[in-house]
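Presented below is the structure to which this report refers.
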Amino acid sequence: MKVSVVVALCATAAAVLLLSPAAEGSHLKVGYYKKSCGNVESLVKYHVAKAIKANRGSGAALVRLIFHDCFVRGCDGSVLLDPTPENPYTEKTAPINIGLAAFEVIDEIKAAVEAHCPGTVSCADIVVYAARDAASLLSNGHVHFDPPAGRLDGVHSHAADAQRDLPDSTFTIAELIRNFRRKNFTVEELVILSGAHAVGVGHCSSLRARLTAPPTQIVPSYRSLLAGKCAAGADPVVPNNVRDEDPKAVAAAFPSFLKKLRKAKDFLDNSYYHNNLARIVTFNSDWQLLTEKEALGHVKEYAENGTLWDEDFSDALVKLSKLPMEPGSKGEIRNKCRFVNHY
Ligand code: HEM
């Protein structure tokens, strides 16, 4: 068969396989793969647990990944697409996606799932399941939920969409509220979801403004600690949670905080709210939550009630996972999470 004929046939087949998902996410179902791929959830869990055992940071990266996938074009795996000569600026190349990681964990899960149930499970669903398992493992099971599935993988991914839709760490409270409201998330949910910053790391370039912020916004000894660490390289990373800090740096800059350090890093709980009220958080966007009455009220509420945060964070992640693809957009079950099928 001539190459041009093969190309034409493949293009037709790919077009036929492109499906149209329901716009509102109403087609999503808990246990969606029960009949078609019964062990998908245990496969995902196995690989997430393995990745977290090797490096707890990959758990934090998976919790961030669901947010960065779902807030841009809905939960469609568009964040996973690698740049290609035809589309060199996919979402993951956007500056706002700095530090986004764990793509290799998603690849490993997808390969295992394909070996069991070829062409059945979308990468978008894998992102959601993996975030669920990561959040559960990092919180010792306190964060737990049963997300519906049945998402399709999108075929579009553009850095400009990520820049437009994702919040920046320099945002004011008004900008944060507007950004979340655009996706139908409330001020309370903004506060709840920001609690994910109890885990993981950030680049110094993402917190530059904090290094010169006044004492009303950041505890000066914590600011000195961050400044010292940020002076140590081109753009190093620092833990989002002060309790995950390196003891030597804390002893030098911030000895009163030594007692707060924990052996178990990246533990997902409501400590973000305690740190925030004490003005010991990394991003300007975190501190901004203290500057508006309703948001501040919720910061205090979640500082006081860790169990409530575990539950509300679980619910907010389920809501996040239901953000639909843009109306009329086509989807598919990708063969490989980094590339659309017709690539
Ligand atoms: C409210 C607006 C938000 C802003 C402005 C924001 C901003 C950021 C920034 C700048 C970083 C560090 C990136 C880097 O420099 O490497 C980061 C990390 C992180 N964010 Fe957010 N974020 C927000 C909301 C969220 C939400 C809703 C989640 C999840 C539910 C989340 C989860 C995380 C996690 C887990 C990390 C650490 C990732 C890692 O260690 O790999 N963030 N965020």
Side-chain angles (χ1 to χ4, degrees), residues 51-52 55-72 75 79 92 94-105 127-128 130-132 134-135 137-139 143 145 147 162-163 165-183 185-210 226 229-230 234-241 244 265-269 271-272 276 281-289 292 295 298-299 309 312-321 323:
I52 288 180
N55 165 23
R56 278 180 79 82
S58 64
L62 288 168
V63 173
R64 186 174 179 222
L65 203 55
I66 186 176
F67 176 51
H68 284 229
D69 188 30
C70 296
F71 245 49
V72 185
C75 309
V79 73
K92 60 167 68 160
I96 196 87
N97 275 327
I98 181 174
L100 212 60
F103 296 109
E104 69 299 337
V105 180
V127 167
V128 171
R132 180 266 306 264
L137 287 162
L138 293 184
S139 67
V143 172
F145 53 94
Q163 285 302 126
D165 287 353
L166 289 166
D168 195 274
S169 61
T170 59
F171 274 13
T172 61
I173 187 66
E175 290 170 319
L176 290 166
I177 292 174
R178 211 176 311 131
N179 175 273
F180 269 61
R181 192 174 292 143
R182 235 184 266 140
K183 302 284 170 184
F185 279 72
T186 62
V187 174
E188 181 175 21
E189 288 161 339
L190 161 68
V191 174
I192 293 167
L193 285 167
S194 296
H197 291 163
V199 296
V201 294
H203 284 81
C204 286
S205 55
S206 300
L207 51 99
R208 196 65 68 200
R210 299 283 284 159
L226 293 176
K229 295 189 87 180
C230 290
D235 188 11
V237 293
V238 297
N240 285 337
N241 195 322
D244 293 344
K265 308 269 184 222
D266 288 315
F267 189 79
L268 185 59
D269 62 8
S271 55
Y272 168 83
N276 207 341
V281 280
T282 43
F283 306 125
N284 171 68
S285 51
D286 296 324
W287 170 75
Q288 285 283 329
L289 301 183
E292 196 265 351
H298 292 304
V299 171
W309 180 76
D312 290 354
F313 184 65
S314 305
D315 292 346
L317 283 186
V318 173
K319 178 169 172 183
L320 193 59
S321 85
L323 281 173

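Heads up: numbering here begins at 1 and tracks the sequence. We count ligands from 1, going down the list as the structure has it; atoms in each ligand are counted the same way.
Nearest protein neighbour of atom 26 (C) of ligand 1, counting heavy atoms only, is F67 CD2, 3.4 Å. With hydrogens left out, the protein atom closest to atom 35 (C) of ligand 1 is A60 O, 3.2 Å, a heavy atom. Given atom 39 (C) of ligand 1, the protein heavy atom at minimum distance is V201 N, 3.8 Å.
D69 places no side-chain N or O within 3.5 Å of a backbone atom of C75 that could act as its donor or acceptor partner. At distances below 3.5 Å, not a single donor-acceptor pair connects side-chain atoms of E292 with backbone N or O atoms of A174. Of the possible polar contacts, none joining the N241 side chain to the G200 backbone as a donor-acceptor pair under 3.5 Å is found. Listed for the N276 side chain is a donor-acceptor partner under 3.5 Å among the backbone atoms of D286. Judged purely by atom type and a 3.5 angstrom limit, R64 has no side-chain atom pairing as donor or acceptor with the backbone of A101.
Within the listing of ligand 1, atoms 16 (O) sit less than 4.0 angstrom from a heavy atom of G99. Ligand-side atoms of ligand 1 in range of A61: 41 (O), range being under 4.0 angstrom from any heavy atom. Annotation for ligand 1: atoms under 4.0 Å from non-hydrogen atoms of G200 are 37 (C), 40 (O). The ligand atoms of ligand 1 that sit less than 4.0 angstrom from a heavy atom of L190 are 1 (C). Below 4.0 Å from some heavy atom of A196 lie the following atoms of ligand 1, by number and element: 28 (C), 29 (C), 30 (C), 31 (C), 32 (C), 35 (C). Proximity to S194 (heavy-atom distance under 4.0 Å) selects the following atoms of ligand 1: 1 (C). Contact atoms of ligand 1 toward S169: 5 (C), 10 (C) (distance under 4.0 Å to a heavy atom of the residue). Near H203, meaning under 4.0 Å from one of its heavy atoms, ligand 1 places the atoms 14 (C), 15 (O), 16 (O).
The shortest separation from a heavy atom of F283 to ligand 1 is under 4.0 Å, placing the residue in contact. Heavy-atom distances between F71 and ligand 1 stay at or above 4.0 Å for every pair.
Considering backbone and side-chain N/O of H197, one or more are found under 3.5 Å from N/O of ligand 1. Among the atoms of N240, none of the N or O lies under 3.5 angstrom from an N or O of ligand 1.
Atoms CG and OG, on D266 and S58 in that order, are 9.0 Å from each other to the nearest 0.5 Å.
For N240 and Y272, the side-chain atoms include no donor-acceptor pair closer than 3.5 Å.
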Run the side chain to side chain contact (heavy atoms under 4.5 Å, CB included) check on I192 and H298 step by step: do they pass?
CA-CA 8 Å; I192 293 167; H298 292 304; over 6 Å; no
Checking side chain to side chain contact (heavy atoms under 4.5 Å, CB included) for the pair V143/L138: CA distance, chi angles, key distance, verdict?
CA-CA 8 Å; V143 172; L138 293 184; over 6 Å; no
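When heavy-atom distances to ligand 1 are checked against a 4.0 Å cut-off, P167 comes that close through both its backbone and its side chain. Only the side chain of S285 comes within contact range of ligand 1, with a heavy atom under 4.0 Å; no backbone atom does. Residue contacts with ligand 1, taken as heavy atom pairs separated by less than 4.0 Å, do not involve A101 at all.
Partner of S139 under the side chain to side chain contact (heavy atoms under 4.5 Å, CB included) criterion, chosen from V63, L268, V199: L268. None of K183, K319, R181 except one satisfies the salt bridge (charged side-chain N to carboxylate O under 4.0 Å, His left out) rule with E189; the exception is K319.
Aromatic ring pairs are classed by plane angle as parallel below 30°, tilted from 30° to 60° and perpendicular above 60°; the pair F180 and F71 is tilted.
Of the listed options R64, Q288, E189, E175, R64 places a heavy atom closest to atom 38 (C) of ligand 1.
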